[in-house]
Amino acid sequence: MVTRCAWVVGKDPLYLDYHDNEWGVPIYEDRLLFEMLCLEGAQAGLSWWTILQKRDNYRQAFDHFDAHKIIQYTEDKIQSLREDSGIVRNRLKILSVLTNAHAFLRIQKEHGSFSNYIWSFVNGTPILNHWTSINEVPIFNELSDTMSKRLKKDGFVFVGSKVCYSYMQAVGMINDHTIDCHCHPSMKLEKDEAL
């Protein structure tokens, strides 16, 4: 029997796959980092499960999060997104993707890549936590507060501290798998040593 983080126990196979193969795994590719930032912003006030089920629709609707295409969106395109039942149709959340695309491209130019910029918040090294229970895992911290302030200063929206913390977990900047979870590096090490 595979032991997983308590928040995913009994969930749909799509959720299990996300937990097992994506959550907490470091991402360095700019387009994927941008996609996750947009999706985490879309999640604000909702559940990640809601967004995860719509992720493929989001990719189709937003040109696979190609920021160069997104900054060209017209009012007609925005209206068609507002009518797309495959995504969250909140106008502010839709417009946030356009705003963030502009900020993302500006950051790429200034820092060489968005990855350089975003990973600088953890000095390029994932933070590995050792929580024994899901109840210990924070929903924000001092680091997410710092990131949120900086992203807002740099022109991003829908990047509050809770969104930033969730984002860092999602893209592997922070590994918050509990220590009994088979995805926690210490469990993987034990399994490798047993072989």
Side-chain angles (χ1 to χ4, degrees), residues 22-46 48 50-52 54-84 86-127 139-176:
E22 294 186 61
W23 195 70
V25 176
I27 295 172
Y28 299 98
E29 201 272 307
D30 274 15
R31 192 201 57 76
L32 286 174
L33 287 166
F34 176 61
E35 174 182 318
M36 288 307 297
L37 188 65
C38 293
L39 293 176
E40 289 293 344
Q43 179 199 205
L46 303 169
W48 177 244
T50 299
I51 302 304
L52 186 59
K54 295 175 179 287
R55 182 163 61 170
D56 286 340
N57 296 330
Y58 266 95
R59 287 172 174 161
Q60 291 298 320
F62 286 97
D63 291 292
H64 296 274
F65 293 94
D66 180 333
H68 291 283
K69 290 182 179 177
I70 291 169
I71 63 169
Q72 304 296 325
Y73 284 1
T74 62
E75 192 56 48
D76 284 346
K77 172 65 174 177
I78 292 165
Q79 187 55 41
S80 75
L81 289 168
R82 292 213 58 210
E83 294 166 6
D84 187 340
I87 65 170
V88 175
R89 295 181 281 184
N90 177 297
R91 182 173 173 81
L92 291 178
K93 288 184 177 180
I94 290 168
L95 291 175
S96 76
V97 177
L98 278 74
T99 301
N100 289 346
H102 283 280
F104 169 80
L105 292 172
R106 201 163 46 248
I107 290 297
Q108 272 189 325
K109 193 176 286 186
E110 289 173 16
H111 294 266
S113 75
F114 184 73
S115 184
N116 290 341
Y117 166 83
I118 208 70
W119 276 92
S120 71
F121 288 98
V122 292
N123 297 316
T125 305
I127 295 167
I139 56 172
F140 62 91
N141 63 10
E142 195 174 311
L143 177 58
S144 65
D145 289 347
T146 300
M147 179 188 278
S148 174
K149 286 176 189 162
R150 179 62 191 273
L151 263 63
K152 287 175 183 175
K153 185 179 174 212
D154 289 336
F156 293 90
V157 293
F158 277 88
V159 287
S161 188
K162 290 178 185 176
V163 167
C164 286
Y165 193 85
S166 183
Y167 176 70
M168 286 190 284
Q169 291 173 311
V171 302
M173 293 170 70
I174 294 177
N175 188 317
D176 273 343

Would L105 and K109 satisfy side-chain contact (heavy atoms from CB on, under 4.5 Å), going step by step from the backbone distance to the final call?
CA-CA 6 Å; L105 292 172; K109 193 176 286 186; over 6 Å; no

If you define the side chain from C-beta out and look only at heavy atoms, does anything of [X] sit under 4.5 Å from [Y]?
X: S166; Y: Q169; value: yes
X: N141; Y: Y165; value: yes
X: F158; Y: L92; value: yes
X: L151; Y: L37; value: yes
X: S96; Y: F156; value: no

Quick one: does [X]'s side chain have a donor or acceptor within less than 3.5 Å of a partner on [Y]'s backbone?
X: R82; Y: I94; answer: no
X: Y167; Y: L33; answer: yes
X: R55; Y: L39; answer: no
X: N123; Y: T125; answer: no
X: D176; Y: G24; answer: no
X: E40; Y: V163; answer: no
X: N90; Y: K93; answer: yes
X: W119; Y: I27; answer: yes

Please work out which of the three classes, parallel, tilted or perpendicular, describes the rings of F114 and F104, given edges at 30° and 60°.
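If you compare the ring of F104 with that of F114, the planes turn out tilted.
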
Can you classify the ring geometry of F65 versus Y58 as parallel (below 30°), tilted (30 to 60°) or perpendicular (above 60°)?
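Rings of F65 and Y58: parallel, as their planes differ by under 30°.
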
Taking all non-hydrogen atoms of both residues, which atom of [X] and which atom of [Y] are closest, and how far apart?
X: C164; Y: V159; value: SG-O, 3.5 Å
X: V97; Y: F34; value: O-CZ, 4.0 Å
X: T99; Y: G155; value: CG2-O, 3.5 Å
X: G86; Y: N57; value: O-CB, 3.1 Å
X: S161; Y: D145; value: OG-OD1, 2.5 Å
X: A61; Y: I87; value: CB-CG2, 4.1 Å

How many angstroms lie between [atom1] in [X] and [atom2] in [Y], if you round to the nearest 0.5 Å?
X: D30; Y: H111; atom1: CG; atom2: NE2; result: 11.5 Å
X: R31; Y: S115; atom1: CZ; atom2: OG; result: 13.5 Å
X: Q72; Y: L98; atom1: CD; atom2: CG; result: 10.0 Å
X: K77; Y: L81; atom1: NZ; atom2: CG; result: 4.5 Å
X: Y117; Y: D154; atom1: OH; atom2: CG; result: 3.5 Å

Test side-chain contact (heavy atoms from CB on, under 4.5 Å) applied to M147 and I118, step by step:
CA-CA 9 Å; M147 179 188 278; I118 208 70; 4.1 Å; yes

For the pair Q43 and L52, evaluate side-chain contact (heavy atoms from CB on, under 4.5 Å) and give the outcome as yes or no after the intermediate values.
CA-CA 9 Å; Q43 179 199 205; L52 186 59; over 6 Å; no

Other residues, nucleotides and ligands only: do more than 12 of their heavy atoms fall within 6.0 Å of NZ on K162?
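Open.
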
Might you confirm whether atom CZ of F121 has over 12 heavy atoms from other residues, nucleotides or ligands at distances under 6.0 Å?
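Buried by this count: over 12 neighbours within 6.0 Å.
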
With a 3.5 Å cut-off and no angle check, do the side chains of E83 and Q79 form a donor-acceptor pair?
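Judged by distance alone, the side chains do pair up.
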
